[in-house]
Protein chains: 2
Amino acid sequence: MHSVRATPGEGPLFAQVQALIIQRMVDGIWTPGERLPSEFALAEEFNVSQGTVRKAFDALVHENLLIRHQGRGTFIAAHSAKRELYRFFHLVSKDGVTPPPQTSRLISFERRKCSAEESRRLKISKSAHVVNIQRVRSMNKAPVIIENIVVPDALITGLGEDNEIPNELYQLYEQSYGVTIHKAIEHLHARATTRSEACHLSLIEGAPLLEIDRLAFTLDGTPVEWRVSRCDTSAHSYLSELF
Amino acid sequence: MHSVRATPGEGPLFAQVQALIIQRMVDGIWTPGERLPSEFALAEEFNVSQGTVRKAFDALVHENLLIRHQGRGTFIAAHSAKRELYRFFHLVSKDGVTPPPQTSRLISFERRKCSAEESRRLKISKSAHVVNIQRVRSMNKAPVIIENIVVPDALITGLGEDNEIPNELYQLYEQSYGVTIHKAIEHLHARATTRSEACHLSLIEGAPLLEIDRLAFTLDGTPVEWRVSRCDTSAHSYLSELF
DNA sequence: GAGTGGTCTAGACCACAGA
DNA sequence: CTGTGGTCTAGACCACTCT
């Protein structure tokens, strides 16, 4: 069969195996939560040794793309509320380190043509449409974050029409639209609260706010969501661990 | 010799090898920049196979503790200006992503008894002494950050007496005092500029500032430095990548 | 018990650096 | 040329899960 070796591709075998696995995820052949064939089965299919498949798996596990369970098998990683909390939500309460439970209140929801900036950030055509969600997130019943979320309409057709908008959007993208968020880049600034923000967050106008400007990407590097969160950091802080 | 197997310790062999290697770094037997024995040499010493040593090395390379050079050997990772920039300095210019060159201006330097808060954060005795540095960092000649740095005096005796205080302190800690910063935890807040900060940063009082509260740790988890940086984020942003 | 991943070993060959 | 890490293979045994 020589599925891998017949097309030598580039570089080490394990990297080629890795790329093939990722490609199957991108193509939707393997979906989040699904169990992969065993290491030996894949080794036979790709005509490499089991150790080579293992090495490819190892790398993908480190990238949070696969999850192994001894005795059960290897699975495509899926977003879960718990996982999401730690990976993509870095605001922690000031004293304890525990991320408090959250609720969201929708402020506005609209489907409209994208702005020039949105077109640039999301790499979509200037005439494309987007879904724009604004909401306030509360922790322990106190409003803490005001979020402005922009997603290309094409990626999530029908969102908000027949279904509720859940707290954890990334699970929704994944489960309902087959869009898996894999990476995000955040730019943080300190900004003064505007009048309308002050109203939503029970702050005074001009108070310092932490602004988190996040662009989220799928597996193949396509930007999927642009989210700007403005956070009241008087009782919380953004946690960043450097290794 | 069965150096590893004779004392079965706990868990997998490669993890024990890993721990032994880390211990030698903590003990100063192997110092930053130094070349380690080859995989085969260590395998013989520890009485394991070369593959097991390799697996231990792999993990340590992922943790930024070792660096491999094909054909040359494996080395203890050392802080370099370039490495430091990417690992522990996340402020980037707003437009380009390139971290601009920096200069520092010393505001104050003193050796004194630690405060209660400093004792708590640095886990040192309430009667211990600390070195306290305050300085302003500029990027492209404009003042951007005001830093307040507190280090236990015991760890860096003599600092600032006979030598200059360099821009990159972590290199100094490592090279002059054998203290290697391996991990840091940062808590970010938005804060209003105080009068004295406003003066140093050429801002108006009350303008929003990004405060970075960082605790830095050595290999064995000892806190070594407490640093609070207050940043003007009008032309820069704190970059955080989530995977 | 059968199947899976987890660990460990042993040996082969390659690519690179340095004397 | 020698020694190093980089890759790949093959096979053994263990620990865990499920039926």
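Residue numbers start from 1 in every chain, and the chains themselves are labelled A, B, ... in the order their sequence lines are given, proteins ahead of strands. Bear in mind the structure is a predicted one, so any value in this text is a computation, not a measurement.
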Partners meeting salt bridge (charged side-chain N to carboxylate O under 4.0 Å, His left out) with Arg120(B) (sequence neighbours left out):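 With neighbours one apart ignored, the set is Glu117(B).
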
Sequence neighbours excluded, which residues qualify as salt bridge (charged side-chain N to carboxylate O under 4.0 Å, His left out) partners of Glu186(A)?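 Only Arg214(A) meet the salt bridge (charged side-chain N to carboxylate O under 4.0 Å, His left out) criterion with Glu186(A).
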
Can you work out whether Gly51(B) or Phe40(B) has the more 5'-proximal nearest nucleotide on DNA chain C?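 Upstream on the strand: Gly51(B).
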
Could you tell me how far apart [X] ([atom1]) and [N] ([atom2]) are, to the nearest whole angstrom?
X        : N       : atom1 : atom2 : result
Leu13(B) : dA12(D) : CG    : C1'   : 15 Å
Arg35(B) : dC16(C) : CZ    : P     : 19 Å
Gln50(B) : dT7(D)  : CD    : C1'   : 11 Å
Phe14(A) : dC14(C) : CZ    : C1'   : 14 Å
Glu44(B) : dT4(D)  : CD    : C1'   : 16 Å
Glu39(B) : dT9(C)  : CD    : C1'   : 14 Å
Leu66(A) : dG5(C)  : CG    : P     : 11 Å
Ile67(B) : dG5(D)  : CD1   : P     : 14 Å

Atom pairs under 3.5 Å, N or O on each side, protein against nucleotides 15-19 of chain D: can you list them with distances?
residue : atom : partner  : partner atom : Å
dA15(D) : N3   : Gln70(A) : OE1          : 3.3
dC16(D) : O4'  : Gln70(A) : OE1          : 2.8

Suppose we screen for side chain to side chain contact (heavy atoms under 4.5 Å, CB included). Which residues come up paired with Gln102(B), at least two apart in sequence or across chains?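 Once residues adjacent in sequence are excluded, the partners of Gln102(B) under the side chain to side chain contact (heavy atoms under 4.5 Å, CB included) criterion are Leu85(B), Phe89(B), Arg137(B), Met139(B), Asn167(B).
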
Quick one: list whatever passes side chain to side chain contact (heavy atoms under 4.5 Å, CB included) with Thr31(A), sequence neighbours left out.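 Thr31(A) satisfies side chain to side chain contact (heavy atoms under 4.5 Å, CB included) with Glu34(A) only.
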
Taking the six-membered ring for Trp, is the centroid-to-centroid distance between His69(B) and Phe75(B) below 6.0 Å?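 His69(B) vs Phe75(B): aromatic centres under 6.0 Å.
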
Out of dT9(C), dG5(D), dT4(C), which has the shortest distance to the side chain of Ser38(B)?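 Nearest listed nucleotide: dG5(D).
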
Which of the following nucleotides, dT9(D), dC8(C), dT4(D), is nearest to the side chain of Val48(A)?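 Given the options dT9(D), dC8(C), dT4(D), the side chain of Val48(A) is closest to dT9(D).
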
Does Glu45(A) pair with Arg24(A) as a salt bridge, N-O distance under 4.0 Å?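 A salt bridge is present here (some side-chain N lies under 4.0 Å from a carboxylate O).
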
OP1 or OP2 of [N] less than 4.0 angstrom from a side-chain nitrogen or oxygen of [X], does that happen here?
X        : N      : value
Thr74(B) : dG5(D) : yes
Thr52(B) : dT7(C) : no
Lys55(A) : dT7(D) : yes

Output all residues satisfying ring-ring contact (aromatic ring centres under 6.0 Å, His included) with Phe217(B), sequence neighbours left out; order by chain, then residue number.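 With neighbours one apart ignored, the set is empty.
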
So does Arg54(B) reach the base of dG6(D) with its side chain, donor to acceptor, closer than 3.5 Å?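 When only heavy-atom distances are counted, Arg54(B) does reach the base of dG6(D) through a donor-acceptor pair under 3.5 Å.
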
